[in-house]
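Some notes on the structure that comes next.
Note that this is a predicted model, so its numbers are computed, not measured.
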Amino acid sequence: MDERKPAAKKSGTATRKRTATSKKRKASAAGAGDTDLSAVMPWIPRSQLEALIASSVNNGTAITTEDVINAMPEHEKWRIDSSGKKKQSYSPVKSGPERINTGAFDSVDSTTMLNIFMHLNCKEKYTCVTSVCKGWREFKTTMPSLFLDLSDNSWTDRGRGVKMTAEKLLALMDWVPHLGQITGLRITTQDKCNPNTCKQIVKKLVAAKKAAGAPMITKLVLHGQKIYGSLIPVLTKNEVGKNLTSLSFYNVSFTQKTKLGEALGDLFKTLTYLEELHMPLDGDFHPEVMSPLKRARSGASTLLRVLDITGGWRSRVSLGDLSKLGTCAPELEVLRVGELRRPSSRQYTDALLGMVDFDLSSLHGGSLEQVLASPMQSLPRLKEFAVGRLIGSSYGGAPKYATTEEVNSLLRWLLAGMPALENFSFTHGETYMSKKDKKRYSSPPLPGIVSCGGEELMWPHSLKHLSLSSFYLEPDTFTENTEFPSLTSLKLNWCGGNVDTIINGLRRTHPNVEVTKKEKQSLW
């Protein structure tokens, strides 16, 4: 009987054939991988490819892999390795992941990730760290500098989301990983806020600072109608103000109920490093509280550079106080006022700032002339000055606007005391009238900025940015004789029907000045 096994022999032959075929395929695949430039070709400009092909034809040489890679722009070569293959990690900042479970951000290094976060406000960063996913919660501890500044207003916006209150701020301070290292704080209060909660916030901050051995905050914002004078002794006792460079008040109430105005003097005595003061005046504000700040600045090691008293409905500064500002604070570089007014009582004239009831255009005879007869005390360092309005926003009865002559005289007086001015914003404003008043009275014409005699204003040669709002400008307001050697931008907002003519004229006489306009739009 024949016991041979031809099937086994046949199987061995087939195995050898398959092995040979597999080796050929692997060799072919390896050879193809060395010349696969599909990751390179999409990033080479067409002009570069055409030049490469033309050079190959003219020289009679083949295009090598190195030639193709070299044709790739330098700023795109991070996408491939030295052989022209696509990198496993497609990140331009790393070759491998630094974390896991953060999605597409796994391959982004911490420095770049921190730079991305720093473009967000406090509320957005908090949302990212707590609500995106579990992996993102690690950023709270791995990036301790994320929550060092808690002073922005992202929690008080009018959009959707949680509004910050003093109670929620207290809870947020428990959540912040390195409370002792924070540099800025905003204490926000609402109608139902307990004033004692604000004191607890300050005490928690001071305790964390002492435990960490860190210096006190440099920026403090007090926000809301429930900021009471009883908070000030807590701030002064714990020396919160000794390192402050920026102090801001928003929507606070200086009334007998809050007693805030009476207590601010003690805080101002400690502000020897203060550089920026933002105090929108609204309500009954007594300017006597500014006197301690003047005394504190007399021995200060830094200068008060920014004084901003805009934002309130009745943010007003008298012309008399403004004329003395050069004596009280000649170091100012930025000054923003809400409304220019004259004092109505002697006690306000003795203070640095005042909130009084005055309509510029209602002056007759020597009243305005007496104020402007004496030159304004110079502010030699002032670079930015802004006037929010010259008249009140609402008025019972017929509106009273300033005349062109009054505005022109006031401008001359102001500009003469600001020789180094670079940014000047000046608004006349318009008075709102009820429907009843509109039926009885007509709106007066807006003033211009050229005197009746036609004499042009002498704008400072250092002026770079000029903004005029709510005026009626004549076509010859700016002529070829108007000197703007440093001006780069001019904004004309609601300045009448001659704006286009003025713009065309300025483009011919001052081609380097960029002029923009804004016209009124009907709400209906």
Side-chain angles (χ1 to χ4, degrees), residues 310 315-317 319 322 335-341 358-363 368 372 384-395 398-416 418 421 423-433 441-460 463-484 487-507 509-510 513-522:
T310 61
S315 297
R316 305 167 185 171
V317 177
L319 289 175
L322 188 61
L335 176 61
R336 306 184 188 102
V337 301
E339 182 177 343
L340 280 181
R341 295 250 173 157
F358 159 69
D359 195 322
L360 178 65
S361 61
S362 66
L363 290 176
L368 179 60
L372 303 183
E384 178 182 343
F385 180 64
V387 176
R389 57 187 179 273
L390 292 180
I391 60 172
S393 57
S394 61
Y395 186 84
K400 297 180 180 180
Y401 287 179
T403 65
T404 298
E405 185 176 359
E406 290 170 342
V407 170
N408 195 68
S409 300
L410 180 58
L411 278 174
R412 278 190 169 84
W413 183 76
L414 290 172
L415 296 176
M418 306 172 183
L421 199 62
N423 193 332
F424 184 53
S425 179
F426 195 67
T427 302
H428 175 270
E430 295 188 53
T431 299
Y432 168 80
M433 288 193 296
Y441 311 106
S442 59
S443 296
L446 289 170
I449 62 169
V450 179
S451 66
C452 298
E455 183 182 356
E456 290 194 23
L457 289 171
M458 295 298 294
W459 301 98
L463 192 63
K464 296 181 180 180
H465 308 282
L466 175 61
S467 176
L468 301 172
S469 303
S470 298
F471 291 97
Y472 186 83
L473 302 183
E474 297 294 339
D476 58 349
T477 299
F478 304 105
T479 66
E480 59 183 7
N481 296 324
T482 305
E483 296 184 4
F484 285 137
L487 195 68
T488 59
S489 66
L490 172 63
K491 295 182 180 180
L492 303 176
N493 300 331
W494 316 301
C495 288
N498 299 318
V499 172
D500 290 334
T501 304
I502 295 173
I503 292 177
N504 293 332
L506 281 171
R507 286 173 178 170
T509 59
H510 302 79
V513 179
E514 180 182 356
V515 187
T516 58
K517 68 174 182 177
K518 187 175 182 180
E519 299 177 347
K520 287 186 177 180
Q521 296 181 353
S522 176

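Once rounded to the nearest 0.5 Å, the distance linking OG1 of Thr501 with CZ of Phe478 reads 13.5 Å. Taking SG of Cys495 as the reference point, atom CG of Leu473 lies at 4.5 Å (rounded to 0.5 Å). With rounding to the nearest 0.5 angstrom, the CD atom of Glu483 is 8.5 Å from the NE2 atom of His510. Atom CD1 of residue Ile503 and atom CG of residue Leu490 lie 8.0 Å apart, to the nearest 0.5 angstrom. Taking CG from Leu492 and OG from Ser470, the interatomic distance works out to 12.0 Å, rounded to the nearest 0.5 Å. We find the OH-CD distance between Tyr401 and Glu406 to be 14.0 Å, quoted to the nearest 0.5 Å.
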Before you tell me yes or no, could you show the steps for Glu339 and Leu390 under side chain to side chain contact (heavy atoms under 4.5 Å, CB included), namely the whole-Å CA-CA distance, both residues' side-chain angles and the distance that decides it to 0.1 Å? CA-CA 6 Å; Glu339 182 177 343; Leu390 292 180; over 6 Å; no
Stepwise, does the side chain to side chain contact (heavy atoms under 4.5 Å, CB included) test hold for Leu322 with Leu335? CA-CA 10 Å; Leu322 188 61; Leu335 176 61; 3.8 Å; yes
Intermediate values then yes/no, side chain to side chain contact (heavy atoms under 4.5 Å, CB included), Leu421 and Trp459: CA-CA 9 Å; Leu421 199 62; Trp459 301 98; over 6 Å; no
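For Asp500, the side chain to side chain donor-acceptor pair (under 3.5 Å) partners are Lys517, not counting sequence neighbours. Here Lys518 pairs with nothing under the salt bridge (charged side-chain N to carboxylate O under 4.0 Å, His left out) rule; sequence neighbours left out. Remark: Ser469 pairs with Thr427, Ser467, Asn493, Trp494 by the side-chain contact (heavy atoms from CB on, under 4.5 Å) rule, at least two apart or across chains. With sequence neighbours excluded, the residues that form a side-chain contact (heavy atoms from CB on, under 4.5 Å) with Thr488 are Lys464, His465. In this structure Thr509 satisfies the side-chain contact (heavy atoms from CB on, under 4.5 Å) test together with Glu480, Leu506, sequence neighbours excluded. For Pro447, the side-chain contact (heavy atoms from CB on, under 4.5 Å) partners at least two apart in sequence or on another chain are Thr404, Val407, His428, Phe471.
Glu430 and Arg389 are not joined by a salt bridge, as no carboxylate oxygen comes within less than 4.0 angstrom of a charged side-chain nitrogen.
Gly429 and Ile391 get closest at one heavy-atom pair: O-CD1, 3.4 Å.
The aromatic ring centroids of Phe426 and Phe385 lie 6.0 Å or more from each other.
Of the possible donor and acceptor atoms, none in the side chain of Thr479 sits under 3.5 Å from a partner among the backbone N and O of Asp476.
Contact check for Asn498 versus Tyr472: side-chain heavy atoms found under the 4.5 Å cut-off. The shortest distance between side-chain heavy atoms of Leu415 and Pro460 falls below 4.5 Å. Residues Leu466 and Lys491 have side chains not in contact (no heavy-atom distance under 4.5 Å, counting atoms from C-beta outward). Residues Asn423 and Leu463 fail the side-chain proximity criterion, which asks for heavy atoms closer than 4.5 Å.
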